[in-house]
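Data block below; observations after.
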2 protein chains.
Amino acid sequence: MYRFIENGTVTSAEGFYAAGIHCGIKRSKKDLALIYSKLPCTGAGTFTLNKVKAAPLMVSQSLLAQSDFVHAVVINSGNANACTGEKGLEDVSTTQILAASFLGISPDHVVVSSTGVIGQYLPMDKIESGIRAIVPSLSSDAGVDAAEAIMTTDTRSKYGAVEVELSAGKVRIGAIAKGSGMIMPNMATMLCFVTTDAAVDKACLQTMLSKAVQQSFNRISVDGDTSTNDMVVLLANGASGVKVDAQSSDALLFLEALTALCKKAAQAIVIDGEGATKLITVRVEGAATEEEANWVGKAIANSPLVKTAMHGEDANWGRIICAAGYSGADLAPEKVSIYFDDEPILQKGFQIALDEARARQILSKSLVEIRVDLGAGDQTATWWTCDLSAEYVRINAAYRT
Amino acid sequence: MYRFIENGTVTSAEGFYAAGIHCGIKRSKKDLALIYSKLPCTGAGTFTLNKVKAAPLMVSQSLLAQSDFVHAVVINSGNANACTGEKGLEDVSTTQILAASFLGISPDHVVVSSTGVIGQYLPMDKIESGIRAIVPSLSSDAGVDAAEAIMTTDTRSKYGAVEVELSAGKVRIGAIAKGSGMIMPNMATMLCFVTTDAAVDKACLQTMLSKAVQQSFNRISVDGDTSTNDMVVLLANGASGVKVDAQSSDALLFLEALTALCKKAAQAIVIDGEGATKLITVRVEGAATEEEANWVGKAIANSPLVKTAMHGEDANWGRIICAAGYSGADLAPEKVSIYFDDEPILQKGFQIALDEARARQILSKSLVEIRVDLGAGDQTATWWTCDLSAEYVRINAAYRT
C-alpha cells in the first residue's frame, strides 16, 4: 500500500537535501541543481541507448556501475555537454572535483547530468561559481527549486513523492523529473532523479529501477532511449532504517510504489507537450505476446494522426487500427475491437458500434482512454500520450469531418 | 539519356487516356479518376506493408499478380474503402464490373484504388453514375484532371513525364501522384500511377518498378509502407513499338528515367507538407552498409527537431548527429562529419567548423542538402524531407538561439 505525499519531492525521503539556483548558463532561469545525502547511497541508473552519449552520461553510467555508493548528483540545464570530446569529459571530472571538495566527499561519489544544447563546451567558470554558491543553499525544502533548475523546454516543473508501508515500517520515495511531450519519441532529453530512505542493496535497486522504468518512461511517446543525455537515477540512503530485501514481499510493495511514482512523472512529461490538452492512455489488450502489445501501444501513442484526431475530439478509429496495422504486430484486422473508455467504437468483424455523440462526449474530457483489443491472446501493454493541438495539424484534425 | 517533358502527365505516353471528374463523394472537388489504354498493358505494382489493407488494394494487388495484362485504373478520393469487410470487397468488384461494361473490357482488367476516410462504405450510387459520366470524358489531354481527382489533403496536383531515347527509338513515361508531406512516416496515403508506351514484359516491369520505388517513394518521410491504401502502379502498353528487354542497356536507361520520374513525384509529395518551405535532401555517405546509410537518412529525415531547426534556419547540427545516433546504425560519433551543401559544419573528432553566417545563408535557401559522412565505409543513401514550419514547433525552433 502506497500513498502519494502532497507536494512531495526529491527531499521527501529522509536525509536528502536539494538546491536549485541560477549560475549563468541560461540568461535568468535556474540552471544548476544539486541533490545530496550525507549518508552514503546505493545507486542505480538507466541510460539512453543512443550511440551518441553525452560526456556526463558516459561518466555517470560507469560510476554507478563501479562505485559501491554515491552521495550527490549535480545537474545543469542549458548545455548538454554532448559531442564535446575529451574536453567534455574533463569538464565532467572538474565538476565532480568541485562538488566533492565543497561537500567534503570523494569525486567518485558525485553523479553528473546535463541537459540542453549539444556541441558546446560547458562554461566552467559559471559551473565553478555555481557549485560554490549552491552547496550552502542545500535544504530539505528546496526540492522544487531543484526541479525548476533542470527544466529546458518544460513549461512546468515536475516532482512527486510516495510513502509505502513495509513490514518493518514506512519508507519514502521522492523524485524530480524533466522532459516535455514531443510529437514523436525523439531527442527531448528526459531526466528523472529518484531518492529513497529505504535501505536497498545495489543489485536489487537496479532491478527495481529497470522494471519501473520499463512500465513508465519507456511507455510514453517521449522515449527515454533516444536522447544523448537521457537518464533515470535512483539513490537509496537507508535513513529510514527499513531494509528492502530482494525477492521479499516488501520488494514487491516497494516496486509497486516506485513504479507508481515513475508513471506519475512519465505522465507529467506527456502532458507537458506544447499545446497538449489531454492525457491519453492507450491500453492494448488481447495480444498474443507482450512485445506485440507494446508495439501496438507505441504505434498508436506515436501516431500524429491519432493524436490530432484526439485533439479534434473526432472518433476517427480508422487511424487507430491503421497505426496498429503498421506497428509490426501480426494483426488480424477483422478481430480488432476498439473502445473509448468503456464505449465500444469498433467491434470484431468491422462492426462499427460508434455513437458519434457519445464518442464526442468522451473525447471532450481531459483524460481519455483508448482501449484496443486485438482478439489474439491475453497479453497487455499500456502507453501514455497527449493530443496534438497545434495549428499545423489543422488540416489533419479537420480532414474527416 | 532522358528529359522531362514540359507539362507532362499520365497521358504523355502514347495510347493512354485519362479523365477526372466530381462524382459526389466529396462536396464539390473532383473525386473520381480513370486511366485507360485501348492496347492491353503489362502491369506492375508495389503495395503497402500495413497489415490492415484496404479492399481495393487487396483486389488490385492480386489482380496485378495474376492477370497477364490490364487496361484501366479507376481511382476515387474521399473514401478509402478500408476496414469495410466483405461489403468493401463487393464494392470493388462492382466498380470493376461497371468500368468494364462502359469500357467494353473484362472486369479482371480494371485496377481499383481508393484514398480517403477509413471505415465507411463507398457510396455506390455515386460511383455508378460517376463511372457512367467519366468514360465519355476520357481524353489524351485530361491527365491533370485525373491528378486533381486523386487529391485528398494535397494542396497541389502532382504529375510529370519523361522521354527517354532507347536503341530502337523514344519511349515516354508519365505519372500522376498524390500524398502530402506529413511530419512523420505515417498513414497519409501515397498513390502514384505511372504509364509508359514502351513494351516491357511483366517480370521486367515489376523489377524496374520495385527498384525505382526503393530509391524514391521509400526514401521520403511520407513512407509508402504505412497506409492502408498506398500503392504505385505501372502500366506498359507498348504503343511506341519500342521493346525494353530485361538485362539490356535499354533496361538500364529506362530504369534511370523511371527512377527520375518517381523521385520527382516523391519530392513533390515532400514539398506539399503543410507549411513546408524547403525541400531538404539528406545525403548519407561513408556508411559501412547501405542498410545503415538508409537508417541514418531515415532518422534524420524523420526527426521533427531537425526539421524545425531547418525551418528556423538554425545550424543545429547536434540534432542531426543525435538522430544518427538513435537510427540503429553502429555509429562512432567521433568519426562523423556534417556538411550543409558543401560547407563543413562538423568535422571528425567533434571539430566544430561551423561558420554561423555562412550556414544561415545556406539554410535560407529553399533547396538545402544535409550531407552526413559516417567515416565508416563507402555506402550511401539519399532521403528527402521538408522543414516543419508550423507555430506548434515554435518552442523547438527557437530553443537553441
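Sequence lines set the chain letters: A, B, ... in the order given, protein chains first and strands last, and positions in each chain run from 1. This structure is a prediction, so every number in the text was calculated from the model and none was measured.
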Per-residue contact mode, Ile352(B) against chain A (heavy atom under 4.5 angstrom): side chain
Toward chain B, the part of Ala80(A) with a non-hydrogen atom under 4.5 Å: neither
Test side chain to side chain contact (heavy atoms under 4.5 Å, CB included) applied to Val372(A) and Ile345(A), Ile321(A), Leu346(A), Ile320(A), the passing residue: Ile320(A)
Winner by heavy-atom pair count (cut-off under 4.5 Å) against chain B, out of Gly85(A), Ala324(A), Ser327(A): Gly85(A)
For Asp154(B), side chain to side chain donor-acceptor pair (under 3.5 Å) partners two or more places apart: Lys158(B)
Proximal component of Ala332(B), with respect to chain A [non-hydrogen, under 4.5 Å]: neither
Pairing residues for Asp355(A) by the salt bridge (charged side-chain N to carboxylate O under 4.0 Å, His left out) criterion, not counting sequence neighbours: none
Distance-only side-chain donor-acceptor flag, Thr155(A) / Asp272(A), under 3.5 Å: yes
Partner chain B: residue of Ala82(A), Cys83(A), Pro333(A), Gly119(A) with the largest heavy-atom pair count (under 4.5 Å): Cys83(A)
Under 3.5 Å: donor-acceptor pair, side chain of Asn79(A), backbone of Tyr121(A): yes
